[in-house]
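Sequence lines set the chain letters: A, B, ... in the order given, protein chains first and strands last, and positions in each chain run from 1. Fair warning: this is a prediction, and the values are worked out from it, not measured in the lab.
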2 protein chains.
Amino acid sequence: MGKAKNLEKEDLSTELKIKDAAAIVFQKKGFAATRTRDIAEEAGLNLALINYYYRSKKNLFDIIMAEKLSTFFRTFIPFILSEDQTPDEKIKRISKDYINLLLENPELPLFVLNAIHTNPEHFTKMIYGAEQIQHSPLVAQLKRLNPKAKFEQFFLNIMALCVFPFIMKPAISHLSDILSKDFENLMKERIEMIPKWMDAMIKVK
Amino acid sequence: MGKAKNLEKEDLSTELKIKDAAAIVFQKKGFAATRTRDIAEEAGLNLALINYYYRSKKNLFDIIMAEKLSTFFRTFIPFILSEDQTPDEKIKRISKDYINLLLENPELPLFVLNAIHTNPEHFTKMIYGAEQIQHSPLVAQLKRLNPKAKFEQFFLNIMALCVFPFIMKPAISHLSDILSKDFENLMKERIEMIPKWMDAMIKVK
DNA sequence: AAAATAATTAATCAAATGATTAAAATCATA
DNA sequence: TATGATTTTAATCATTTGATTAATTATTTT
C-alpha cells in the first residue's frame with residue numbers, strides 16, 4: 001500500500017529509525033500515553049512517515065511488542081529443553097544470561113507484562129508450547145533433585161529473583177544514594193547469588 | 001470551588017462512587033488509556049460529576065495513587081521496626097499478610113510500579129524514611145543471622161517472591177488449565193513456602 | 001536526460017476527549 | 001411551604017491526536 005514493493009533492505013533506514021524510536025517511546029510511556037508525534041520527534045522524522053511505513057500506531061506497537069515478547073521469554077527455552085546440562089549449570093546460565101539481557105533492556109519486563117495485563121486474550125499464542133514444559137528435561141531434573149518441589153513454583157521463583165528488581169528499578173535507583181551499591185552492581189551481585197539461593201530453595205522440605 | 005463547603009460526610013456517596021469506579025478503571029487500563037467517560041460509566045453517573053467533585057482526571061488519579069502507594073508499601077513497616085519478633089516470625093507474617101493483601105488487590109503491584117516508572121521524580125516523597133531502614137531492628141537481626149547477607153538483597157528477595165507472581169498473573173492465569181493449581185492455590189502454597197525459602201536463602205554462603 | 005517510481009513534507013481533517021456551562025432537579029433550612 | 005443552596009444533567013467547547021492528502025523532492029529505471 002504505497003510502500004516499496006521490491007527492495008526491502010536498502011531503504012530500511014527510515015523504517016528502522018521509526019521502529020527504534022517507537023520502541024523507546026512506547027517502553028517509556030506505554031501505548032496510550034505516546035503520541036505518534038512523540039515517535040516522530042524521537043526519530044527526527046516527519047509525522048506522516050509513521051503512517052507511510054507502518055499504517056497505524058497500533059500496528060507499529062504490535063510489531064514492536066511481538067519482538068519484545070520474544071526477547072523477554074526466549075532465554076529460558078534452551079535451558080528447559082537441554083538434556084546435557086546439570087540443573088546447577090542451567091540455573092547459573094539463566095541467571096547470567098537473563099540478568100545481562102535485562103541490564104541491556106531494563107524497561108523490557110514492565111513493558112511486556114503491562115501489555116499482557118492490558119490485553120491477556122491477545123497473548124494466548126505466546127504460550128504456545130507451554131504444555132510441553134511439564135514433560136521437559138528440566139522438569140525431570142528438578143523432580144529428581146527434590147520430588148516434593150513444584151516446577152510452577154520453581155519457574156516463578158527464578159523469574160521473580162531475576163526480573164522483579166527491574167520492575168522495581170525506578171524505586172531502587174531513586175534510593176541509590178542510601179544503598180551501598182548502585183543498581184547495576186546490585187544486579188551483578190545477584191548473578192552470583194541467585195544460583196546459590198535457588199540451590200538452597202530447591203532443597204527445602 | 002463549586003464544592004460543598006461544610007458537610008463532608010453525608011454526601012460522600014457519589015463522591016466515593018466516583019473514586020471507587022476510577023480506581024477500578026485506572027488499575028485496569030492505566031491513566032492514559034482511561035477516559036473520564038469510562039469512569040462515569042463504571043460509576044453509573046453523569047460525566048460532569050467527575051470534574052464537579054475532583055476538578056480533573058489527573059487530580060482524581062493522584063488521590064487514588066497516593067492511597068494505593070501507601071497500601072502497597074505499608075505492610076512492611078511494622079515488621080522492619082518491631083523489636084519483639086524473631087526474623088522467622090517476621091518473614092512468616094510478611095508472607096501471609098502481604099500475599100493475602102495482594103490476593104484482595106491483584107492489580108495493585110503493576111499499577112503502583114507503573115506509576116513509579118512513568119513518573120519517578122514524583123515519588124521521591126514516598127521513600128520518606130528509607131534512610132532509617134539501614135539502622136532498623138530487622139536489619140540488625142539479619143546481620144546477626146548471617147553477617148555476609150546484604151539487606152538490600154533480602155528486601156528485593158522477599159518482595160520478589162511475594163509480589164512478582166501477581167505481576168505475572170495474567171500470563172499465569174491463562175496457563176491455569178495446564179497448571180496443577182489455579183492462581184489462588186498457587187499463592188496459598190507460597191504463603192507456606194516463602195518463609196522456608198527465605199530461611200534457606202538467608203543462610204547461604 | 002527523461003520518465004517513472006518512491007520518499008518526504010506541510011497542511012489539514014475528523015474523531016476523541018477533558019473540561020465547562022447553564023439550566024433543571026433535588027435537598028436543606030427557616 | 002418558600003427560599004436558597006447544592007447536586008445532577010444535557011449540551012457544548014476547545015484541544016489533542018491519529019490519520020490523510022496533495023504537492024514537492026529524491027531516487028531509480030529506461
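When all heavy atoms of A/Phe166 and A/Ile99 are compared, the closest pair comes out as CZ-O, 3.9 Å.
D/dT25 atom P lies 19 Å from atom CG of A/Leu45, rounded to whole Å. Going from atom CD of A/Glu41 over to atom P of C/dT9 covers 14 Å, rounded to whole Å. As a whole-Å value, the separation of A/Lys17 NZ from C/dA7 C1' is 12 Å. Atom OH of B/Tyr54 is separated from atom C1' of D/dT7 by 15 Å (rounded to the nearest Å). In this structure, the OH atom of A/Tyr53 is 11 Å from the P atom of C/dA6, given to the nearest Å.
With sequence neighbours excluded, the residues forming a side chain to side chain contact (heavy atoms under 4.5 Å, CB included) with B/Lys92 are B/Pro195, listed by chain and number. For the side chain to side chain contact (heavy atoms under 4.5 Å, CB included) test, residues two or more places apart in sequence or in another chain that qualify with B/Ser136 are B/Ile80, B/Ile133, B/Leu138, B/Val139. Considering only residues two or more places apart in sequence or on other chains, A/Phe76 meets the ring-ring contact (aromatic ring centres under 6.0 Å, His included) condition with A/Tyr98.
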Sub-3.5 Å pairs of nitrogen or oxygen atoms, protein against nucleotides 13-20 of chain C:
| residue | atom | partner | partner atom | Å |
| --- | --- | --- | --- | --- |
| C/dT17 | OP2 | B/Arg35 | NH1 | 2.9 |
| C/dG18 | OP1 | B/Thr34 | O | 3.4 |
| C/dG18 | OP1 | B/Lys57 | NZ | 3.3 |
| C/dG18 | OP2 | B/Thr36 | N | 2.7 |
| C/dG18 | OP2 | B/Thr36 | OG1 | 2.8 |
| C/dG18 | N7 | B/Arg37 | NH1 | 2.9 |
| C/dG18 | O6 | B/Arg37 | NH2 | 3.4 |
| C/dA19 | OP2 | B/Asn51 | OD1 | 3.4 |
| C/dA19 | OP2 | B/Lys57 | N | 2.8 |

Donor-acceptor pairs under 3.5 Å, side chain of residues 110-117 of chain B to any protein atom, not counting sequence neighbours: which ones?
| residue | atom | partner | partner atom | Å |
| --- | --- | --- | --- | --- |
| B/Asn114 | OD1 | A/Asn114 | ND2 | 2.7 |
| B/Asn114 | ND2 | A/Asn114 | OD1 | 2.7 |
| B/Asn114 | ND2 | B/Leu110 | O | 3.2 |
| B/His117 | NE2 | A/Glu107 | OE2 | 3.1 |

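Between A/Thr14 and the phosphate of C/dT8, there is a side-chain N or O to OP1/OP2 separation shorter than 4.0 Å.
Under the salt bridge (Lys or Arg N to Asp or Glu O under 4.0 Å) criterion, the residue pairs touching residues 94-105 of chain B are B/Arg93-B/Asp97, with sequence neighbours excluded.
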